[in-house]
Amino acid sequence: MAPRRSPGGRDERPAWVDLRDHPTADVLIIGAGINGVAAFRDLALQGVDVTLIDRGDVAAATSAASSRMIHGGLRYLENGEFRLVKEAVAERNALLANAPHHVMPLPTTVPIHTIWSGLATAPLRFLGGRGPARRAPRGAMLIKAGLTLYDEYSHAGRAADGTGVPRHSFAGRVQSLEDLPDLDPTIRCTATYYDAAVRAPERLALEMALDGLAAHDGARLATYVEATGASSTAVDVRDVVTGETARIAARVVVNASGPWTDLTNATLGEDTAFMGGTKGSHIVVDNPALHAACRGREIFFENDDGRIVLIHPQHGRVILGTTDLPADPREPAVCTEDEVGYFLELAARVFPGIPVTRDQIVHRFAGIRPLPRASDEDPGRIPRDYRLERSTLPGGDVPLVSVVGGKWTTHRALGERIADEVLGLLGRERRVSTAGVAIGGGRDYPRPDDRGDWIAVHLPGDDARAGVLLDRYGTRAEEVAAIERRGRSRWDEGRHLRHAPAYTRAEIAWIARAEHVVRLTDVVERRTQLTFRGEVTPSLLEEIAKIVGRELGWSRRRRADEVERIQAAREAARVAQASPTSVTPS
C-alpha cells in the first residue's frame, strides 16, 4: 500500500497512521531485533494485541551483524553453560525443520595442531568457567571430549520430525589434506562436526514479523518509530521519517532493544546497568580460490591469541570473523582497519597458499552482542545466556520487562519465555506453542526429493528461475513468480535489473509492496543479498529507487534523498573504519 501524504507533503505510512490514531495496546515491544520479533510472533499467536516498534528496520542492527550461523555454542561448554548449549542445539534442530528455506546443516571443520594441549587447565574452565588468562591451545583430545558431549546434546535436542545433524568425525593429517588440500600442511589432524547456517538472517527475522501480523488482527508492526520518553501509563514515540509524535498506552512494556537496553530504559525513566555487550566484526571477501578451498564447509579454529575465529562461505563470497571487543552502545559499531588486518592474517594462517587482500573485501559489518554486564576482563568468558528483569514505568504500575542477553539460535525459546512472562502479567493462558510452527516460506516447503515436483506444480515455466525464487523465499516464491508472469504484459517488470541481473523488476516491486519497506536501505541491505555480495553501485541504487518509489508513492525528491542517504552512510562508515582499534582483549 502506498503511503498517504499529509497536507504538508510528508509521507504518512499506514503503519504509523494506525499507531497514531489508535494509540493503545495490551503489549508494546520496543526493539525489532530477532528477540523482539520472536516475542511479537509468539504473543500474536496467543491472540494478544501486541505492537512492535523499532527506531530502524526489522533486524537492522545486531541481528543483521551475525556470523550467519545457527549453532549450539560448542565453546560455551568451556564456560560451563550447559543449559544454554542443550537449549541451543534443540533450537538449532527445530530451525532446520521450521525454516528449511533459510537454515541448512553446516559441516564445520576444526584444524588441529596439537594432541594433548589444553587438558591441564580444561577442568577449571569446563567446570567453573575460569582458568589462566593465557591458555594453552586446544588439542585434539580436548576437542574430542567437547565434541562427544556436544553430540550427546545434539541427539537430545533432535527435532520431532527427525531433523538433526550427523555425529562428529576426526581425520588424520593425510586424510585431512586430501579433503581440504589448501589447509596449512603443518596440521596434525582435523575434526568435523555439524551445526547450521542461516543464509538470509534478516529475511528470516522479517518473515517471523510478517507471521505475527498474519496471526492476529491486533498485532501491529511500526518500524522507524523510536521511544522518546514515558509517563506512568504510556510510552512517548516519534516517527523517525516524518517527526510526528504520539503516546502509546500499554498494559505491559517489553524492552527488547538488545545492547541498547540500558539506554532505552534511561529514556523511559528507569536507571539500569544490565548490559555489557562486546563488538563482533566481520569482512566479506570475493575470493573464488578461498571459497573453493572451503569445500562447502565452515572452517572454525583457534587463533594464536586464543580467540575462536571462522571462515564461512556463503552466496559465492566468504565471511571472515569475528572479534570480541568491549563496546560502547552509544557509538556506531564498525569494522576497523586493525580488525581487517587481523582477519587477513588468520586467513593466511589457515590457507597459507591463498592470498587474501584488502581489495577483495566487498562488505564489512559489525554489531554489538547484547551480553549481560560482567566483571570478567576476558570478553570471551562473559556468559551468553539470557534473563528477564522486571520493573515498572516511572511513577506507575505498568510492568516493564527488560530482556538481557539472547542470541540468534535461541530466539524462539527466549521469545516463548518473554511471552509466558507477559501472559502471566496479563492473566492469560498460552493457547499454542511455537515449537513446531513453520516460519514464513518454510510452510509446506518441499523435501529435497520432492523439490522438482513441487516446482513443476507451483512454479511452472523456467526451472532455473523457479529454483532461485524457492531458495530465496521458500513457498512464498509463488507470489513473486505470479507477479513476474503478470508483469511482462503490464509494466515489463519480468525483466531482470540492468545493474543486478540476479533480481527482477517485479521481484523488487513485490518486496516493496509486501515486505514492510520504509527506506531504500531496507531493500538493498536486508531484503536482498546485494550489499552482502558487494553489488551495490550508484547506478543500481537509482534503478531500485525508481521501482520502490513507484510502489510506495515517493516523489522524485524522496527517491533522490533515499539514494543520498545510503551514499552518505557508506562514506561515513569508510571514515569510521579507518580509525585504529586493537583486537587484543583488554
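Being a predicted model, the structure only gives us computed values, none of them experimental. Below, each value reflects all heavy atoms present in this structure, side chains not excepted, and no hydrogens, waters or symmetry copies.
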Legend entry - Distance (rounded to the nearest 0.5 Å) between R428 CZ and L425 CG: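 Reported to 0.5 Å precision, the distance equals 12.5 Å.
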Legend entry - Gap separating the CG atom of N93 from the CG atom of N98, nearest 0.5 angstrom: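 So the gap between those two atoms works out to 11.0 Å.
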Inset, instruction - Give a yes or no answer on whether the side chain of H101 reaches the backbone of T475 with a donor-acceptor pair at less than 3.5 Å. - result: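 Pair absent, no side-chain N/O of H101 close to backbone of T475.
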Inset, instruction - Taking S66 for its side chain and R68 for its backbone only, find out whether a donor-acceptor pair lies under 3.5 Å. - result: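 Yes; judged by distance alone, with no hydrogens or angles, the pair exists.
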Is any side-chain N of the basic residue among [X] and [Y] closer than 4.0 Å to the acidic one's carboxylate O?
X    : Y    : answer
R369 : D324 : yes
E421 : R390 : yes
R13  : E244 : no
D211 : R443 : yes
D42  : R430 : yes
D57  : R527 : yes

Legend entry - Criterion side chain to side chain contact (heavy atoms under 4.5 Å, CB included) against N265, the qualifying member of T261, L263, T267: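 Between N265 and the candidates, side chain to side chain contact (heavy atoms under 4.5 Å, CB included) is satisfied uniquely by T261.
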Inset, instruction - Describe, in one word, how the ring planes of Y193 and F300 are oriented to each other, choosing from parallel (under 30°), tilted (30 to 60°) and perpendicular (over 60°). - result: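 Geometry flag for F300 against Y193: perpendicular rings.
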Legend entry - F532 and H363 aromatic ring geometry - parallel, tilted or perpendicular at 30°/60° bounds: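 Perpendicular, since the angle between the ring planes exceeds 60°.
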Inset, instruction - May I have the step-by-step check of salt bridge (Lys or Arg N to Asp or Glu O under 4.0 Å) for R387 and E389, ending in yes or no? - result: CA-CA 7 Å; R387 70 178 192 269; E389 297 281 355; 2.6 Å; yes
Inset, instruction - Answer yes or no: does atom CZ of R330 have more than 12 heavy-atom neighbours from other residues, nucleotides or ligands under 6.0 Å? - result: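 Atom CZ in R330 is not crowded, with 12 or fewer foreign heavy atoms closer than 6.0 Å.
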